[in-house]
> 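Dropping a structure here in structure tokens format, bear with me for questions.
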Amino acid sequence: MNSRLRLSLLALPLLLAACTSTDQSAFHPTGADAARINTLFWVMTIGGAAILVWVCVATALAIFGNDRQRARFGGENVITIFGIAMPVVVLTILLAYGFIVLRAGGHNGSDVPADTDIAVSGELWWWRVTYVAPDGTEVESANEIHVPVGEPVRLALTSADVIHSFWAPRLGGKLDMIPGRTNFLTVEATEPGVSRGQCAEYCGGAHAFMSFHVVAHPPGEYEAWLESEAAPAREPETDAERQGEQLFIEAGCGACHTVRGTEANGKIGPDLTHVGSRRSLGAATLPNTAEDFARWIVDSQHIKPENKMPEYDIFSETELASLATYLEGLK
Ligand code: CUA
């Protein structure tokens, strides 16, 4: 066995292990559109496989069968029935079914009140997510899409730079995010929980690290979440947190990041007002712990090459720990 083949065989279990993770699997839908897409996939796959098997068997019988089988499967009748009539019938049924599925899931959201819009902007290489609070103010967050279960939500998708593609496989289909244009995608979560999404259009260096989480809240809990997200940042309570906040301001982090309630009001990078409550750092690249904040600040170009955040190797160990504690505490 040559070494390349052996390596491929060794890698196979790893690849298959990735299939057992369900948090980004279109085969485990938690949204109405994703469920329709999943059904469509299986109808097409099983139907296509059944026809393929039938064609192979018929071809084998026409070539290798006994006289009666060869006469039956090699005759002109077979061409007329299975080569012309059957494909026309099958393809017509599939086309009609496809239209029904598209119509069910393809509405542009005009039936959804506009105040349920969540604006999502793809940026190199993260997601700017803007909600509208009940009083009409815009609440900016990042890298997580929070939705209420059982209610259609219209996502207004655009891009700030290059073409990205929004894809939350367990929620619905994918849709391109195009600079200068807004595409609408209506999604409806059918069960509460957290799943994962991914940019589905190659957009340069850190494309593979441009992921996000979808958080579907049980009925009634979404409003409470939005209220807490709309609030200004929590005040630092410990000495470490106070030092962390001071370092954050003095090091100029506020040139790119906003922490509402402080003087940091940069718009270039993700809003960090409640970054400690998110499920990840760096657009689902690292877990959200104080240690990972410290790693990200010092080593972000190694963790997520080419991302727009410069590495900050200017802090002492204690300072870095305080900064990380402060950020992780922004719940
Ligand atoms: Cu954004 Cu790929």
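For ligands, and for the atoms within them, numbers begin at 1 and follow the listed sequence.
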> Any idea how W42 and F27 line up, ring-wise: parallel (<30°), tilted (30 to 60°), or perpendicular (>60°)?
tilted
> Quick one: sort the F73 and W54 rings into parallel, tilted or perpendicular, breaks at 30° and 60°.
perpendicular
> Name of the H164 N, O or S atom nearest atom 1 (Cu) of ligand 1?
ND1
> How open is the angle at atom 1 (Cu) of ligand 1 from atom SG of C203 over to atom SG of C199, rounded to 10 degrees?
120°
> State, without any angle test, whether S322 and Q243 hold a side-chain donor-acceptor pair at a distance under 3.5 Å.
yes
> Quick check: does H207 put an N/O/S atom under 2.8 Å from atom 2 (Cu) of ligand 1?
yes
> In the single-linkage hydrophobic clustering (I, L, V, M, F, W, Y; side-chain heavy atoms under 4.5 Å), do V275 and L323 co-cluster?
yes
> Can you check whether F212 and F166 have ring centres sitting under 6.0 Å from each other?
yes
> Closest N/O/S atom of E201 to atom 2 (Cu) of ligand 1, by atom name?
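Atom name returned: O.
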> Check whether any N, O or S atom of M177, backbone or side chain, sits closer than 2.8 Å to atom 1 (Cu) of ligand 1.
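No, M177 does not qualify, because none of its backbone or side-chain N, O or S atoms lies under 2.8 Å.
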